[in-house]
There are 2 protein chains.
Amino acid sequence: MIGPEGMPAADAAPAGGETVPGLDRSLIEGLPAFAGMRPQELDRILAGAHAARFAKETAIFEQGAEATSFFFLLDGHIRVVRNTAEGQQVIARYINAGELFGIAAAIGRDTYPASAIAAVDCVALVWPTGLWADLASRYPGFGAHAYRTLGQRLQETQNRVMEMSTEQVEQRVAHALLRLVRQSGRKVEGGIEIDFPISRQDIAEMTGTTLHTVSRLLSGWENAGLVRGGRQKVTVTDAHGLLLIAEGRRKK
Amino acid sequence: MIGPEGMPAADAAPAGGETVPGLDRSLIEGLPAFAGMRPQELDRILAGAHAARFAKETAIFEQGAEATSFFFLLDGHIRVVRNTAEGQQVIARYINAGELFGIAAAIGRDTYPASAIAAVDCVALVWPTGLWADLASRYPGFGAHAYRTLGQRLQETQNRVMEMSTEQVEQRVAHALLRLVRQSGRKVEGGIEIDFPISRQDIAEMTGTTLHTVSRLLSGWENAGLVRGGRQKVTVTDAHGLLLIAEGRRKK
DNA sequence: CGCTGTGTTGAATGCCGTCAACGTCGGTGG
DNA sequence: CCACCGACGTTGACGGCATTCAACACAGCG
């Protein structure tokens, strides 16, 4: 985990945050997105960025807004949300520390296709969109990593379409939980806990169901000893058992 | 439409087809994917490719196979299909003439994430995967177009997730039909026809439902004068009426 | 100490998947 | 050319899963 230590607080920062002088290359060196770069290249990349804090439950950018920046999450967890014309919302994915996000520029868009909400207090690097082409071409490894990320997200999204097409709600929720603990899990005694606050409603919006159904399923699983619930908290205590449900091979 | 005329037939070609000498740059000049390139650049790009024919209902590549090539569809329509572990299949999208496909290389994959099946007889340009990095960096416009395409597909896929999360089957099928006629429609008297053979089962696999439900819906819409059906054929006769259904604003 | 957001649980409705049977078209081979 | 056969399509009946409606419990916070 990348801590915000030494990061000057920029409370109530405007979207895009405030410029923070003296970003240290140790923040990003060794991370996959910046692999294989020499120290002075890292400095050059950081020279175009500033760091910003985003308080829990604030929007980092909004769906439909002009894509003025792209981001790299240093610390925290972000919820990417899409709103339908009718006002319903769907959670597209969660972003973890170490991932690029808001890279509309990379795919030639000029507005953000979704909103990004800080699930907890977050710290991110922010670059102006105009720097994308420059960075991607000057540091091919960086661009390649970004496009690989994009490809992975496309594939994950298609997996989700497949799940929604072929599986029952119970299996989809189980799959979603397993994905969450794999991508954002934190070991605690007795299981793996999802590392950020997540409500039944959130899980419902990830799986295309209702909070009622999610609540019922979690209650049942808790009785069966597969998970432990809590307010905006889920701990998986028997990942293997949950996998059986996810794959529809449960006994009953 | 780009015709296969003058294209030497390469029946029973292996995946990847047979090399066809003398590809003419007129095949691709003026197309968005190759916009802004000088004639000799087009020739250079074509020098690395060969053209191949793929007979209707044959596989151009298979999910999980090593990604040895990437493709540009000159003529025809391609069905991109993903298979679940349990043997069910889901149609990820259709590819039309003028689109790149099989670009696993662009996102750093070494196997194809889905299968590509020729929905009709097709003609495609084929490049070895190893040429991707070269082409994308030497001709930035080409790379940018490919990544834009990728981004559009990601967004379409996410739209589909939203539809499956928030809409009823009836609306999803209506949306799917509208998308098909918009992307692959051919004007006929009395409406717009989907330009390739498509069965009720295919539509079901696009929308996460069953052929029975699709059949019932199409029958109903035919009685209401919105579409005309046929064996592996659908013609939309009242796109506006269908849009009302798609958006859930139908009278009854 | 009340208010709001979150979570739980019961009951009823209904969409749509499943099962079943039949009809129809088109290609193929005799 | 015609008969056959398999793929595709239609329609009815039934039932189950999950949403919807409703009521209540509980926690955190001002």
Side-chain angles (χ1 to χ4, degrees), chain A residues 55-57 79 86 88-91 117 119-120 163-177 194 196-224 227-235 245 248 250 252, chain B residues 55-57 79 86 88-91 117 119-121 163-174 176-177 194 196-224 227-235 245 248 250 252:
Chain A
K56 178 174 172 175
E57 293 302 321
R79 192 168 65 235
E86 284 77 26
Q88 307 197 67
Q89 60 178 35
V90 173
I91 296 181
I117 315 288
V120 296
E163 284 181 14
M164 301 190 75
S165 296
T166 64
E167 297 177 357
Q168 312 258 88
V169 167
E170 183 179 42
Q171 299 172 272
R172 300 206 304 268
V173 174
H175 267 133
L177 281 188
I194 295 169
F196 47 82
I198 185 167
S199 69
R200 308 293 183 265
Q201 174 71 34
D202 291 331
I203 297 174
E205 288 177 6
M206 297 182 68
T207 51
T209 181
T210 62
L211 75 160
H212 308 280
T213 299
V214 172
S215 179
R216 273 183 249 273
L217 288 172
L218 289 184
S219 295
W221 293 342
E222 184 147 15
N223 290 336
V227 306
R228 275 202 318 266
R231 191 185 177 79
Q232 305 207 77
K233 188 155 70 73
V234 180
T235 306
I245 291 178
R250 198 189 41 168
K252 156 67 189 27
Chain B
K56 179 174 171 174
E57 292 303 321
R79 192 168 65 235
E86 284 77 26
Q88 306 197 67
Q89 60 178 35
V90 173
I91 296 180
I117 314 288
V120 297
D121 289 350
E163 286 181 13
M164 300 190 77
S165 296
T166 63
E167 298 178 355
Q168 311 259 89
V169 168
E170 182 179 43
Q171 298 172 271
R172 299 206 304 266
V173 173
L177 281 187
I194 296 169
F196 48 83
I198 185 167
S199 68
R200 306 293 183 264
Q201 174 71 36
D202 291 332
I203 296 173
E205 288 177 7
M206 297 181 68
T207 51
T209 181
T210 62
L211 75 159
H212 307 280
T213 299
V214 172
S215 179
R216 273 183 250 271
L217 287 172
L218 288 183
S219 295
W221 293 343
E222 184 147 15
N223 290 335
V227 306
R228 276 202 316 267
R231 190 187 179 77
Q232 304 206 87
K233 190 155 68 75
V234 179
T235 306
I245 291 177
R250 195 187 46 166
K252 160 63 192 31

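Within every chain, numbering begins at 1; the chains are lettered A, B, ... in the order of the sequence lines, protein sequences first and strands thereafter. The structure displayed is predicted, hence computed values, not measured ones.
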- Message: Tell me whether A:Arg172 contacts the main-chain N or O of A:Thr207 through its side chain, where contact means a donor paired with an acceptor under 3.5 Å.
- Response: yes
- Message: From the set C:dG5, D:dA18, C:dT8, return the single nucleotide nearest to any side-chain atom of A:Arg200.
- Response: C:dT8
- Item | Separation of atom CD in A:Gln171 from atom P in D:dC17, rounded to whole Å | 12 Å
- Message: Please report the distance, rounded to the nearest Å, between NZ in B:Lys233 and P in C:dT24.
- Response: 18 Å
- Message: Between C1' on C:dC16 and CD on B:Gln168, what's the gap in Å once rounded to a whole number?
- Response: 10 Å
- Message: What is the distance, to the nearest angstrom, from the CD1 atom on B:Ile203 to the P atom on D:dC8?
- Response: 13 Å
- Query: Between B:Leu218 and B:Arg200, is any pair of side-chain heavy atoms under 4.5 Å apart?
  - Reply: yes
- Note on the structure: In this structure, OG of B:Ser199 is separated from CD of B:Glu205 (nearest 0.5 Å) by 7.5 Å
- Indicate yes or no: at least one non-hydrogen side-chain atom of B:Arg216 is less than 4.5 angstrom from one of B:Thr210. no
- Looking at five pairs on each end of the helix from C:dC1-D:dG30 to C:dG30-D:dC1, what is the angle between the two axes, given to 10 degrees? 40°
- Task: Side-chain contact test, heavy atoms from C-beta onward, threshold under 4.5 Å: evaluate it for B:Gln171 versus B:Glu163 and give yes or no.
- Result: no
- Query: Do A:Ile245 and A:Val173 come within less than 4.5 Å of each other through their side chains, counting heavy atoms only?
  - Reply: no
- Item | Minimum side-chain heavy-atom gap B:Phe196-B:Asp202 below 4.5 Å | no
- Message: Any non-hydrogen side-chain atom of A:Leu217 less than 4.5 Å from a side-chain atom of A:Thr209?
- Response: no
- Query: How long is the line joining CZ of A:Arg228 and C1' of C:dG7, in whole Å?
  - Reply: 18 Å
- Would you say C:dG17 has OP1 or OP2 under 4.0 Å from some side-chain N or O of B:Thr210? yes
- Distance, rounded to the nearest Å, where A:Glu57 contributes CD and C:dT4 contributes C1': 15 Å
- Item | Residue pair A:Ile198 / A:Ile203, side-chain heavy-atom distance below 4.5 Å | yes
- Query: Tell me: CZ of B:Arg231 to P of C:dG23, nearest whole Å?
  - Reply: 16 Å
- Task: Round to the nearest Å and state the distance from A:Met164 atom CE to C:dG17 atom P.
- Result: 13 Å
- Tell me, which of residues 211-222 of chain B have any heavy atom that sits under 4.0 Å from an atom in DNA chain C? B:His212, B:Thr213, B:Arg216
